[in-house]
Amino acid sequence: MPSVPNQLSQSPATRKVILGVAASDSHAVANHLIAFFLRGLGFDVVNLGTCTPVEEFAEACARHPEAEAVIIGSLNGHVHEDLRGLDRAKQSGRITCPVIVGGNLSVGSHKDGSSHDRLYAAGVDHILGDPSELPGLLAELQVDRERAAVTLGLAAS
Amino acid sequence: MPSVPNQLSQSPATRKVILGVAASDSHAVANHLIAFFLRGLGFDVVNLGTCTPVEEFAEACARHPEAEAVIIGSLNGHVHEDLRGLDRAKQSGRITCPVIVGGNLSVGSHKDGSSHDRLYAAGVDHILGDPSELPGLLAELQVDRERAAVTLGLAAS
Amino acid sequence: MSLTSLPARGSAPRPDTAVGPLPTPAESAAYITSLGKPTAAEVLGRCRAQGRVAIQPRCGVGGHEEMKALLATLEAEVAPDILTLTIDSHTRLLRFEEALRTLNLRPTDLNGYPMVAHGWRRGRELNELIAAPLEIRHGSPDARVLFDVSVASGITSFEGGGISYNLPYSKAVPLAESLGAWQDVDRRCGELAEHGVVIDRELFGTLTAVLVPPSISLAISVLEAVLAARVGVRCISVAYPQSGHLAQDVAALRSIPVLAERYLPAGITVHAVLHEFMGVFPRQRGNAEDLIFYGALVARIGGASKLITKTYQEAYGIPDTAANVAGLRLADRANSPLLDFVTVDEDQVDREREWILAEVADLVEPLLGQADLIGAIVEAFAEGRLDIPFSASRYARSDLIPRRDRSGAIRYLSTGALPFSPAHVRRNTELLHEVDGPDPGLDSLTRGLTDDINHFRHVFREQEPSAAAPRSAPTPVAAPHTPRTEEPI
Amino acid sequence: MSLTSLPARGSAPRPDTAVGPLPTPAESAAYITSLGKPTAAEVLGRCRAQGRVAIQPRCGVGGHEEMKALLATLEAEVAPDILTLTIDSHTRLLRFEEALRTLNLRPTDLNGYPMVAHGWRRGRELNELIAAPLEIRHGSPDARVLFDVSVASGITSFEGGGISYNLPYSKAVPLAESLGAWQDVDRRCGELAEHGVVIDRELFGTLTAVLVPPSISLAISVLEAVLAARVGVRCISVAYPQSGHLAQDVAALRSIPVLAERYLPAGITVHAVLHEFMGVFPRQRGNAEDLIFYGALVARIGGASKLITKTYQEAYGIPDTAANVAGLRLADRANSPLLDFVTVDEDQVDREREWILAEVADLVEPLLGQADLIGAIVEAFAEGRLDIPFSASRYARSDLIPRRDRSGAIRYLSTGALPFSPAHVRRNTELLHEVDGPDPGLDSLTRGLTDDINHFRHVFREQEPSAAAPRSAPTPVAAPHTPRTEEPI
Ligand code: B12
Ligand code: B12
C-alpha cells in the first residue's frame, strides 16, 4: 500500500499536514478518504495510517517540522488512552503544531460533552465533527500563525 | 342461535348449571366451548351467553332453583364492575348456589393475586384457571352439598 | 332502541365530566380544519400513494392523563401513521354509568378510554397533543353518542358498522336497531363531508375474529359499505382479519378493490385494512412476534392501505406501552424497502380470489337488489342466509361451521343455510375431506375445531394438536353446533 | 515476532489479575467436558440440523461484573444460541499494559472485555454463568496468549485468522508473522481435538468490511481454512459479510459448502456464517432495523448456520444492552416458521454463484498447489495477486477498487494485479460501465465510491447520493488509488 505514489497533488506541495489514526485503532476507511480529500485540496499529507502511537506522531513532527497540524482520527472509542503522552510530547516540544482530533470519541452510543473536555485537557487543540471542516480550520490556523509571526516580527523590531 | 335444540345430552339431564359471560363482556368463544364441554359430560347447561348482568343470573337462579352452580366467564378485564351486586344478590338469597368464575380476571398483561382477593370479597366462591377443572369442582361441591344435607338431616332427627 | 336490547341507563344523561353542549357539525368541521393536521383519510391516501402500509395500534386506558401519556409515548417512539382511542367495554354497551363509576373509583380497571365520560373537551386535548390523526375503535351496536363526542373532539376516523359492531359485541340488540343507529352515524358523516371534512369509516370485518371465513367477512363489509355510501360516507376502510393463510389473506385483501368497484358507487374511496391475527395468539414472545411480522408482511403483499397491529402480550391482556411500541416497530419493518423481493404464488392467490369473490357474490347479490336493504339483511340473518361463527348475539344463528383445511386456509365445513352455489359447497367440502375424511365423528370434529382455534399455538409447538396427542384429562372441546342459549325473560 | 511489528510490551508478563499458571490443554479439555454444556460446534451442528440460523451478538464491556451482567441479560432476554466475548482493541494489539491500565482507571473506556487482563479464572466464571457456549471475537494478528486464556476459560469458539485478523486490524505486522502465530493457534485446536474437544474456528471473511468483493472474502477464507485444516482444526466457520445485494449474498453463502467440498479435506465440518452488514449503517432506528432483519433473512435463505447480529445503535457506538437485545430479537424473527414462502430468484443466484466460484478459483488455485502455502500467500499479497480494499495494513496494496453496479452488487472497478481471467475482468467492467459509463472522470468515480460506501444511507434516503445532488461544501471523497502512507522509521 505505501509504495503507490500520490498521483494527484501535482502542484508543488506547499502546505504539509501529518495524518494518522490513534494507537489502538485500525479503522482505515475514513483515514483513506481524508488523505485523499486533503491531497485533492493541494495539501502534502504525511499519512501515518492506522494504529499510530503518539510517539510515532512525534517522530513524524521531527522529520516534518514545517507541518501545519497533526490530524488524528479515532473511531474505536479508545482515544483517551491512545493519546496518553500527547501532553508530555507537547510540553517537551516534540509536537509543536496544533493537534486536531475527529471521529468517534468515546465508547458507547450515548455521547455527552465530557469526552471532549478530557481531550482538551489531554493536549488536543481542536476537535472537529466532520472532515469537511478541516480546510476551514487549517486556514484559520494559518492566519493565526501569520499573525503571530507578524507580532513576533514587530516585537523583535 | 337459541332455537337450536341441544342434540347431545340425550340422557335425561340430572345436574343443572347456569352459565354465562359477565355483563360488559361479549367474548363468546370460550362460552360456546364450555357449554358444549359440560353438556358432553351430561350437564344440563342453562347458557345465558355473553353480556349477562348479575340481575340476569339471579333471575335464572329463580327459574332454576335446582342449579348446582352459577359459572361466569369474564375475559375483558371488567369482572369487578360487572359482578357488582353479586354479594347483595347472595345476601338477599337471590343467588344461593356457589358462584364459579374463570377467564381473564383483570385488565392488563401483568397479573397478580389481588384481583382474586377482590373477587372473593365480592361474593365469588371459586376461581378456576381452566374449564377442565370444572367437573372436579362441581363433583366436590356435590359431595359438600350431600354432606350438608346429611348433617342437616341428623340435626333435624 | 328497545328497552330489552340495551340497558335503560344507556340513555341516561351524559355524565358531568363531559361538560358543555356539543358543538354543531359545522363547528366541529371548522375545528377539524383549524387543527392543521391531516385527516385519517388524507393519511391513508398519502400512504397508499407512497406504497407504504400505514401502521396503527390499538390503545386505550381509563385515565385521561394516562391516555395522554400513552399516545404521546407511542407517537414519540414510533410515530404511527394513525393513532387510536380504544374505548372501554362499558361505554361500548352504553353503560355510561358503570364507565363513569369505574373511572372515578379505579381507572385502571377500565379496558379502554371511556370517551363519553371524559367528554369532548378532553377529546380535543388528546387530539391536539398528537400529530397523527386519531381513530375511535370500539364495538358499540349503537354508537351515536360516542360518534358525536368523537367528532366534537375533532377525530376523523370511526370504526364500526350495524352488523359488525353488533353481532360480535352484544347479546340482545336486534339488527334492525343497530343498523338503524349506524345509518344515523353514517348520515352524520355525510353531513360532515358537506362541511368539507371526510370521516374515514372503518368497517369491522373482523367480526368474531375466530375462524371467520373471508367471504363472510367481506360480504358483511360490502353490505355495510353499501349502506354507508348510500347515506353519504365518502371514505370507507374495509378491515379484514388475517386468517393466517398467506394466499387466502392476500387474496382477500386484493378482493377489496374489486368488490368496491363492483358494488359501490363511483367516487367512494375504499381502503383495504388488515387486522393482524385476531384469534388465539401464541404465548411466547418470539412466536407472537413472528406472527406480528407475518401479518404485516401479508398486509404489504396484499396491498393494504393500513395495518392494525398486535403485541406480544396479546395472549395475556391489554398490553403495556412498551409492548405496544415493540409491536408497532416490528410491524413497520414489513414496510422495508429491502423486502421488494418478497412475492407470493400469484396463481394461487388469483384462484383464491376468484373463489372469494364468487362466494361473496352468492351472499350479497340476492340482497343488494332489494328495496329495503336493512330489512333484507335482518331477514337473511334470521334465516341463516347470512351468518357468522361463534356469535355473541342471538341475532345470528352460528350454524356455519368453519374449519382449516390441510394448508391452513379457513373453509366451510358446514355452510348452514348460506345460499352458496353447489359448486362452492362442494369445493369447501372436498378441501376439508382431506383433513377429516368424508364423515368425521363428532369427537374428531370438535377436537379438530379446537385445534383450528389454537392454530398458531400448534404452528409454534406451544401445544401439540390434539389429534397427534390425544389428551387424557378432560378439556373443553368445540361445539359442532351452537350451544343452546336460554332467552332471558 | 519482530520488534517493529508489535510493541515490545506485547510480550510483557501477563498482569497480576490473571492469576495462576494456565491449565494444560488436557486439563482445559477435561474442564470443558465437565461443564456439561454444548460446545459451539455442537450448537452449530444442531441448528443446522434443525434448519435454524443460530443467532449470536457481538458484546463486550471492560468491567468483569458489567460483562457478567451483559451476558446474563442477553441470555435471559433472548437466549442467543451462542454468546460472545468481544475483546477490547488494546488486548487485540497485545497492548496488555494499556488494557490493564484502562481497566483499572476507567473500565467504561474499554471497547471490549480485556480477557487477558481479567484472566482465565474470571473467564470460567463467565462461562459457567451462561448456558450458551461462548466465542471470543477480537481482531488480533497474534492471538496466542488470548487463545490460551480462552481455552483455559473453557471457551469453545475462537474467531480470526492469519490474514483476516491482520490486514484489517493492524498496520505493520508482516503477514508471515501473523500467519505463523495463527498456525500455532490452529495447532492447539488440533491438540484439543485429540483431547476430545472440537474448537469452532471462525474465519473473519469480513476483512475491512467496506465494499469487500465476495470472491476476495471467500478466497481468503479458503486459504485460511486450508491452513487451519492442515494443522488439525476440525470445525471451521466461514464468515461472509453481507454486501447488501440479495442474490450476491445468497450466492456467496451457498458457495461456502461448494468451496469446502472443493478445497478442504474430507472430515472437516464447515459452517457458513453471515455477518450482518458490516459497513456504514443507517442512522435512523427504523432503517437500521430494516437492514438488520434483511440480513437475517439473507442468512436464512443462504443457508447460513449462524448469523452475527448488529444493532440499531451501530452507527453511533458500542450498543447498550437493550439495543443488543432488540437486534437479536429482531434477527431471530427471520427464523420464523411463517416465512417458508420467502424465496429468491434461483437462476440469478446460481449465475452469481458460478461467477463467485470461478473468481475464487482464479485467486486461490495458483497458490494452493505450492509447497509453502504461507510463503506463497505472503508473496501474493506483496505482488497484489491477493489484495483487499481499504487495508489498515501496509502488507496489502489495496490496489483493487470495488464499486457497486446498478443493482447494488459489489464488483471490481479495478482488479489491480489480481490474477483474474480476462472473462472475469470483462464481466466486472461491463457491469460497472452501466453505472459510470466507459470512462468515468476521477471526480465522478470518487463521488461514486463514497456513495457506495454510504449505500444504505442512500437506500433509506438518509442522505441523497452525491451524483443526484452534487454537494456545494467540500466533503471528503474516496481515493481511487490508495493514499500514500508514509513508512514510519
Ligand atoms: C467498517 C467498520 C469496521 C471495520 C474497519 C475496517 C478497517 N480496517 O477500516 C472492522 C470490521 C475491521 C472494524 C473493527 C472494529 N470496530 Co468498527 N466499525 C466499522 C463501521 C461499520 C464503519 C466505519 C467506516 O469505515 N465508516 C466509513 C468512514 C468514511 O466513516 P467513519 O469511520 O464513520 O468516519 C466518519 C467520521 O467519524 C469522521 N471522522 C473519522 N475520522 C476522522 C478524523 C478527523 C480528524 C475528523 C475531523 C473526522 C473524522 O469522518 C468520517 C466521515 O463522516 C463503524 C460503524 C458505522 N459507522 O456504521 C464501526 C465502528 C466505528 N467500529 C467500532 C468498534 C468498537 C470496532 C472494534 C474495536 C471492534 C469492537 N470492539 O466492536 C474494531 C476495531 C479494532 C481496532 N483495533 O480498532 C465502533 C466504535 C464504537 C464506539 N466508539 O463506541 C463502531 C461505531 C461500531 C459500533 N457501533 O460498535 N470496524
Ligand atoms: C377473539 C377475541 C376477541 C373477539 C371476540 C369475539 C367474540 N364475540 O367472541 C373480539 C375481536 C370481538 C374481541 C373484542 C374485545 N376484546 Co378480545 N380477545 C380475543 C382473543 C384474541 C381470543 C379470545 C378467544 O376467543 N379465545 C379462545 C377461547 C377458547 O379462549 P379464552 O377466551 O382465552 O378462554 C380461555 C380461558 O380464559 C378460560 N376461560 C374463559 N372463560 C372461562 C370461564 C370459566 C368459568 C373458566 C373456569 C375458564 C374460562 O378457558 C378458555 C380456554 O383455556 C383474546 C386474546 C387471546 N387469547 O389471544 C382477546 C382478549 C381476551 N380481548 C380483550 C379485550 C380487552 C377485548 C375488548 C374489550 C376490546 C379491547 N378493549 O381491547 C373487546 C370486547 C368488548 C366487550 N364488550 O367485551 C383482552 C382482554 C384484556 C385483559 N383482560 O386485560 C384480550 C386478552 C386481548 C388483549 N391482549 O388485549 N376480542
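Side-chain atoms are counted along with the backbone in the values below, which use heavy atoms only and exclude waters and symmetry mates. Residue numbers begin at 1 in each chain, while the letters A, B, ... track the order of the sequences.
Considering only heavy-atom pairs separated by less than 4.5 Å from chain D, the leading option among A:G108, A:S106, A:A28, A:G20 is A:G108. Contacts with chain A were tallied for D:D320, D:L110, D:D88; D:L110 has the most, counting heavy-atom pairs under 4.5 Å. Residue with the most contacts toward chain A among D:D109, D:D387, D:T108, D:V210: D:D109 (heavy-atom pairs, distance under 4.5 Å). Between chain D and the options A:L19, A:T52, A:V21, the largest number of non-hydrogen pairs under 4.5 Å is found for A:T52.
The aromatic rings of D:F277 and D:F456 sit perpendicular, their planes meeting at an angle over 60°, well past the 30° parallel limit. The aromatic rings of D:H138 and D:Y165 sit perpendicular to each other, their planes meeting at more than 60°, with 30° as the lower class boundary.
Under the side chain to side chain contact (heavy atoms under 4.5 Å, CB included) criterion, A:A122 pairs with no residue, sequence neighbours left out.
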Extract all donor-acceptor atom pairs below 3.5 Å that involve side chains of residues 84-101 of chain A and protein atoms in other chains or at least two apart in sequence.
residue : atom : partner : partner atom : Å
A:K90   : NZ   : A:G123  : O            : 2.8
A:K90   : NZ   : A:D125  : OD1          : 2.9
A:K90   : NZ   : A:D125  : OD2          : 2.5
A:S92   : OG   : A:R88   : O            : 2.9
A:S92   : OG   : A:A89   : O            : 3.3
A:R94   : NH1  : A:E55   : OE1          : 3.0
A:R94   : NH2  : A:E55   : OE2          : 3.2

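Of the two parts of A:N104, only the side chain, counted from C-beta on, holds a non-hydrogen atom closer than 4.5 Å to a non-hydrogen atom of chain D. Residue A:H27 does not touch chain D at all, counting heavy-atom pairs closer than 4.5 Å. With a threshold of 4.5 angstrom between heavy atoms, D:L105 does not approach chain A through any atom at all. In this structure, the portions of A:A23 lying under 4.5 Å from any heavy atom of chain D include both its backbone and its side chain. Residue A:S115: no heavy atom, backbone or side chain, is found under 4.5 Å from chain D.
Rounding to the nearest 0.5 Å gives a distance of 14.0 Å between OH of D:Y312 and CG of D:N287. Once rounded to the nearest 0.5 Å, the distance linking CG of A:L33 with OG1 of D:T446 reads 9.5 Å.
Under 3.5 Å, the side chains of D:T311 and D:N324 contain no donor-acceptor pair of N or O atoms.
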